[in-house]
2 protein chains.
Amino acid sequence: MAKRNILQFIILGLLNQQARTGYELTKAFDSDIGEFWSAQHSQIYPQLQRLEADGQITHSDEVTGEKLNRKRYAVTPAGAAALNDWLAADTEPTIGGRDEFALKLYFIQSPADPRLQHMLAVQQEFHTERCAHLQAQMAAKFPEGQRADNFGHYLVLDHAIRRETAYVEWLAAAVKQLAR
Amino acid sequence: MAKRNILQFIILGLLNQQARTGYELTKAFDSDIGEFWSAQHSQIYPQLQRLEADGQITHSDEVTGEKLNRKRYAVTPAGAAALNDWLAADTEPTIGGRDEFALKLYFIQSPADPRLQHMLAVQQEFHTERCAHLQAQMAAKFPEGQRADNFGHYLVLDHAIRRETAYVEWLAAAVKQLAR
DNA sequence: TGACACATGTAACGTGTTACATGATTCG
DNA sequence: CGAATCATGTAACACGTTACATGTGTCA
């Protein structure tokens, strides 16, 4: 899995869009970017420190209210260069992530197994709902083929929708071929 | 990512199908099961030792030729029970694995970016070829809707094909909306 | 006899998750 | 004033990859 520390580039990419705090970066992984990567704050804060020590980002202190301090990070020219190097480098194609559910199905040999019905139904419900949620997002953010700006965002949303749609179709096809 | 040590159950599942050596288990991750999980021998051998210490598997020694020893592992009743518990347990739905390429696209804001053309073409070639390879496998292993036996195997192959197909379609749609 | 597949292990390191820990601000 | 959110960190542990290490069997 992880090997070349992708996280640092994601942080650079996000900060390159706009200056952010560690907290805001953490939340970015809950929305659109969460479709293709995840990270917790316990990983992000140390990474920010390393990037700053490396001279790829800097921060300015901000105060909210009386005492609360937050650090707003921004990329340096060196950071922007590192980001561009990453973007320009060859990308090892993704070869299908890990899927515990698919794995379980693999070990159930018989299409008559009594557990299949329920297992498939649960997954179907989840992914169908998820699919609808993504389509709603798409409709909200890109109403009229408004893809010119934020093209990247559009592409990953489209990707997520296609992926979930294919997943739902796979589950439906599986259900259809169940018992007999 | 990993959290509940899925690997142990995969090993139990594979050994439940038939007794295998560590080497054979390692190779299983290069074929069909590799679509949804990967593991190296350096992870597998220690895991086999732990499973045996736990009483979930046992091994018998085999000799090939003059000296070469291999250990053929098989599940114990306790191991089979653990496997069934895992299969019966609720499965957290997969929420889209990590995809470095999708991530890069996300950070490229403009559909006129000169890098896009080449990036997409490279991925397109890879995934198209992969798609064809999977379909060939399907045709070879399940010729005439021969899904009754090895139903699990059929399902994961079908899953992989649908996933790759969707990926290829996504890339094609992206290319179509490129410059202008 | 050399290359390649078979076969099994350990070590070092990096990444990722969960838990621990603390405190401020805002809103009802 | 209590709950939710904002905000930032550290520690412990589990998981995964790469590299190190060694030796046998088979086939051309």
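This is a predicted model, so every value here is computed, not measured. So you know, we letter chains A, B, ... as the sequences are listed, proteins then strands, and number each from 1.
- Between B:K67 atom NZ and D:dT22 atom P there is a gap of 16 Å when expressed in whole angstrom units.
- Dashed line: the shortest gap from a side-chain N or O of B:Q40 to OP1 or OP2 of D:dT17 is under 4.0 Å.
- For the pair B:I11 CD1 and C:dT8 P, the computed distance is 13 Å after rounding to whole Å.
- For A:S42 against C:dT18, a side-chain-to-base donor-acceptor contact under 3.5 Å is present.
- With D:dT24, C:dT17, C:dG9 as the candidates, the nucleotide lying closest to the side chain of B:H41 is C:dG9.
- The shortest distance between the side-chain N/O atoms of A:Y23 and the OP1/OP2 oxygens of D:dT8 is not below 4.0 Å.
- When rounded to the nearest whole Å, the span between OH of A:Y45 and P of C:dG23 equals 16 Å.
- Applying the 4.0 Å criterion to OP1 and OP2 of D:dT17, one finds that A:R4 has every side-chain N and O outside that range.
- Under the 30°/60° scheme for interplanar angles, the aromatic rings of A:W86 and A:F9 are found to lie parallel.
- Side-chain contact check for A:Y45 versus A:L25: every heavy-atom pair is 4.5 Å or farther apart.
- Of all nucleotides listed (D:dC15, D:dG25, C:dA24), D:dG25 comes nearest to the side chain of B:E66.
- In summary, the side chains of A:N5 and A:Q47 do present a donor paired with an acceptor at a separation below 3.5 Å, with no hydrogens or angles considered.
- When the nucleotides C:dG16, D:dT10, D:dT17 are ranked by their closest atom to the side chain of A:P46, D:dT10 comes out on top.
- Nearest-nucleotide positions on DNA chain C for A:V63 and B:N69 put B:N69 closer to the 5' end.
- Closest contact between the side chain of A:K71 and the listed nucleotides D:dT8, C:dG9, D:dG16 involves D:dT8.
- A:N5 has its CG atom 14 Å from the C1' atom of D:dT17, to the nearest Å.
- If you check C:dT8, C:dT17, D:dC6 against the side chain of B:T21, the one that comes closest is C:dT8.
- For A:I44 and C:dT15, the CD1 to P distance is 14 Å, given to the nearest whole Å.
- Using a 4.0 Å cut-off, no side-chain N or O of A:K27 falls inside it from OP1 or OP2 of D:dT5.
- Residue B:E24 contributes atom CD, which lies 13 Å from atom C1' of C:dT8 at whole-angstrom precision.
- Across the protein-nucleic acid pair, B:Y73 atom OH and C:dT8 atom C1' stand 9 Å apart, rounded to whole Å.
- Put simply, the side chain of B:Y106 reaches to within 4.5 Å of the side chain of A:D32, judged on heavy atoms.
- Taking the side chain of B:W37 as heavy atoms from C-beta on, and the options D:dT10, D:dG16, C:dT8, the nearest nucleotide is D:dG16.
- By the 30° and 60° cut-offs, the orientation of the rings of A:F151 relative to A:Y154 is parallel.
- The only option from A:Q135, A:H127, A:H159 that meets the side chain to side chain donor-acceptor pair (under 3.5 Å) definition with A:E164 turns out to be A:H127.
- Among the nucleotides C:dT25, D:dG9, C:dT10, the one closest to any side-chain atom of A:T64 is C:dT25.
- Separating the CD atom of B:Q49 from the C1' atom of C:dT10 is a distance of 10 Å, rounded to the nearest angstrom.
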